[in-house]
There are 2 protein chains.
Amino acid sequence: MVTPIENRAAVTQNHCVPFVPDAVDRRLLRLLQEDAGRTLRELGELVGLSPSAVQRRIRGYRAAGVVAREVAVLDPAALGPTTLAVVLVTLDHESAEHHAAFRTRMRHEPRVQQCYDLAGQWDYVVVLVTDSLAECRALSDRLFLGDGNVRRYDTLPVLDPVKTGLTVPLPEP
Amino acid sequence: MVTPIENRAAVTQNHCVPFVPDAVDRRLLRLLQEDAGRTLRELGELVGLSPSAVQRRIRGYRAAGVVAREVAVLDPAALGPTTLAVVLVTLDHESAEHHAAFRTRMRHEPRVQQCYDLAGQWDYVVVLVTDSLAECRALSDRLFLGDGNVRRYDTLPVLDPVKTGLTVPLPEP
DNA sequence: CGTGAAAGTTTGATTGT
DNA sequence: ACAATCAAACTTTCACG
């Protein structure tokens with residue numbers, strides 16, 4: 001007998017058709033975003049399904065790329081004094097090569113926590129995690145001045161991380 | 001017999017003394033930030049420890065608050081078209097009550113993924129996750145104009161999420 | 001989707017360094 | 001104080017109904 005192709009997973013990998021979650025999928029995904037450490041039995045009890053049904057669904061989320069990864073979130077403050085900063089950056093030369101070089105640099109620097117390409121007056125916003133404002137300054141100089149292709153950057157030090165996370169909203173109804 | 005107090009955990013909970021990781025702790029924490037789905041045996045093989053030694057350390061990270069939580073990271077693009085936007089906000093009235101009200105609003109809105117209190121010309125930077133620029137506009141109006149305490153805000157739509165994550169740098173040496 | 005048996009993982013007591 | 005070992009409890013996995 002021929003194994004039937006799983007539609008949702010297969011098509012979604014073509015980056016064409018989105019994964020369409022039902023009400024239970026949305027509840028499960030909300031629970032997994034909150035705490036990925038729960039057992040299949042716990043999750044099953046919370047959504048009213050057997051452990052293996054939960055497992056099948058979660059397997060589907062991974063296959064469809066809906067669940068990209070599972071990670072531990074560290075609290076930098078527990079490891080010692082930490083400075084966060086949001087940096088707005090505009091490049092000087094706007095060629096594809098210059099942009100690619102900048103992005104590669106951001107992806108390789110561990111103290112760059114996030115980097116987004118922007119529309120508008122600024123080209124990028126970058127979130128830096130350092131031990132101190134001094135280290136932040138030194139890193140900015142190296143990252144944004146060393147290369148010579150940054151026209152201007154503006155550093156906005158973070159006073160308080162009011163809300164952090166990577167949570168994606170999943171409407172209830 | 002009296003149970004000895006676990007120094008690192010107990011003191012760190014006072015938000016005073018940081019947790020001081022050794023070389024193995026740093027390797028483990030780096031692995032857990034990358035992928036929290038590995039088994040204790042796998043982790044043990046990667047750092048050269050027995051599964052139960054790994055378990056004891058990880059238990060310590062949780063107790064010390066170094067590992068805050070374990071979450072599944074979803075790819076919003078796999079669920080359909082998504083618009084990310086970075087919004088810079090300055091409040092009108094700067095009293096403690098006005099700031100508290102704003103923060104509460106950010107924390108309660110699921111489409112606010114991140115919010116940081118800033119030093120400098122802007123009071124806050126907010127990351128919004130919506131289905132479209134139109135929904136982003138509607139949400140901004142409700143969040144930043146509905147309340148009447150925002151002096152001005154600047155929306156920077158995201159063209160490409162070059163690097164995302166909550167990873168905290170853990171130096172090697 | 002649920003059930004149940006097999007495989008693998010986590011847990012904690014114990015012992016040794 | 002920390003690591004290894006081992007057995008019991010629990011989870012995950014998968015074939016089948």
Side-chain angles (χ1 to χ4, degrees), chain A residues 1-10 19-73 78-79, chain B residues 1-14 16-73 170:
Chain A
M1 183 194 171
V2 178
T3 307
I5 293 165
E6 288 198 17
N7 293 326
R8 299 199 295 189
F19 176 93
V20 183
D22 64 17
V24 174
D25 289 324
R26 282 195 296 271
R27 286 180 66 192
L28 271 176
L29 290 167
R30 235 179 287 126
L31 288 165
L32 291 170
Q33 288 193 96
E34 229 171 58
D35 177 2
R38 279 181 274 233
T39 64
L40 298 174
R41 192 176 53 72
E42 278 179 293
L43 291 167
E45 277 164 15
L46 289 166
V47 303
L49 243 52
S50 72
S52 61
V54 172
Q55 187 194 34
R56 254 193 306 273
R57 285 181 186 246
I58 292 177
R59 192 191 293 265
Y61 307 152
R62 282 204 150 279
V66 175
V67 169
R69 40 212 232 106
E70 242 171 79
V71 301
V73 180
L79 288 159
Chain B
M1 183 195 170
V2 179
T3 307
I5 293 167
E6 288 199 16
N7 294 325
R8 300 199 295 188
V11 180
T12 305
Q13 280 181 342
N14 294 340
C16 268
V17 176
F19 176 93
V20 183
D22 64 18
V24 174
D25 290 324
R26 283 195 296 270
R27 286 179 66 193
L28 272 176
L29 289 168
R30 237 180 284 126
L31 289 166
L32 292 170
Q33 288 193 96
E34 230 170 57
D35 178 2
R38 279 182 273 233
T39 63
L40 298 173
R41 191 175 55 72
E42 277 179 292
L43 290 167
E45 276 165 16
L46 289 165
V47 303
L49 242 51
S50 73
S52 60
V54 172
Q55 187 194 35
R56 208 159 345 95
R57 285 181 186 245
I58 292 178
R59 196 189 291 265
Y61 308 152
R62 282 203 151 282
V66 175
V67 170
R69 42 213 293 260
E70 242 173 79
V71 300
V73 181
L170 290 157

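Values below: every heavy atom of this structure, side chains too, minus hydrogens, waters and symmetry copies. A, B, ... follow the sequence lines: proteins, then strands. Residue 1 opens every chain.
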Q.
Strictly below 4.0 Å: does B/Arg59 bring a side-chain N or O up to OP1 or OP2 of C/dT11?
A. no
Q: Check every strand shown and say whether A/Thr39 touches a base, only sugar-phosphate, or nothing at a heavy-atom separation below 4.0 Å.
A: sugar-phosphate
(Q) Does D/dA3 have OP1 or OP2 under 4.0 Å away from a side-chain N or O of B/Arg57? (A) yes
Q) CG of B/Leu43 versus C1' of C/dT10: gap in Å, rounded? A) 13 Å
(Q) At less than 4.0 Å, is any side-chain N or O atom of B/Arg56 found next to OP1 or OP2 of D/dC2? Yes or no. (A) no
Q: Answer whether the closest heavy-atom distance between the side chains of B/Asp25 and B/Val66 falls below 4.5 Å.
A: no
Q.
Without decimals, in angstroms, what is the distance between A/Leu40 CG and D/dC14 C1'?
A. 13 Å
Q | Lys/Arg N to Asp/Glu carboxylate O, B/Asp35 vs A/Arg69, below 4.0 Å | A | no
Q: Choose from C/dT11, D/dA3, C/dC1 the nucleotide whose nearest atom is closest to any side-chain atom of B/Leu49.
A: D/dA3
Q. Over how many whole Å does the gap from A/Arg41 atom CZ to D/dT11 atom P extend?
A. 5 Å
Q) Under 4.0 Å between a side-chain N or O of B/Gln55 and OP1 or OP2 of C/dT11? A) yes
Q | Which atom of B/Arg30 lies closest to which atom of B/Leu170, heavy atoms considered | A | NE-O, 3.2 Å
Q: Would you state whether a donor and an acceptor, one from the side chain of B/Ser52 and one from the base of C/dT11, lie under 3.5 Å apart?
A: no
Q: Starting at atom CZ of A/Arg62, determine the distance to atom P of D/dT12, rounded to an integer number of angstrom.
A: 14 Å
Q | Rounded interatomic separation in angstrom, taking CZ from A/Arg38 and P from C/dT10 | A | 18 Å
Q: To the nearest 0.5 angstrom, please state how far the CG atom of A/Leu32 sits from the OH atom of A/Tyr61.
A: 7.5 Å
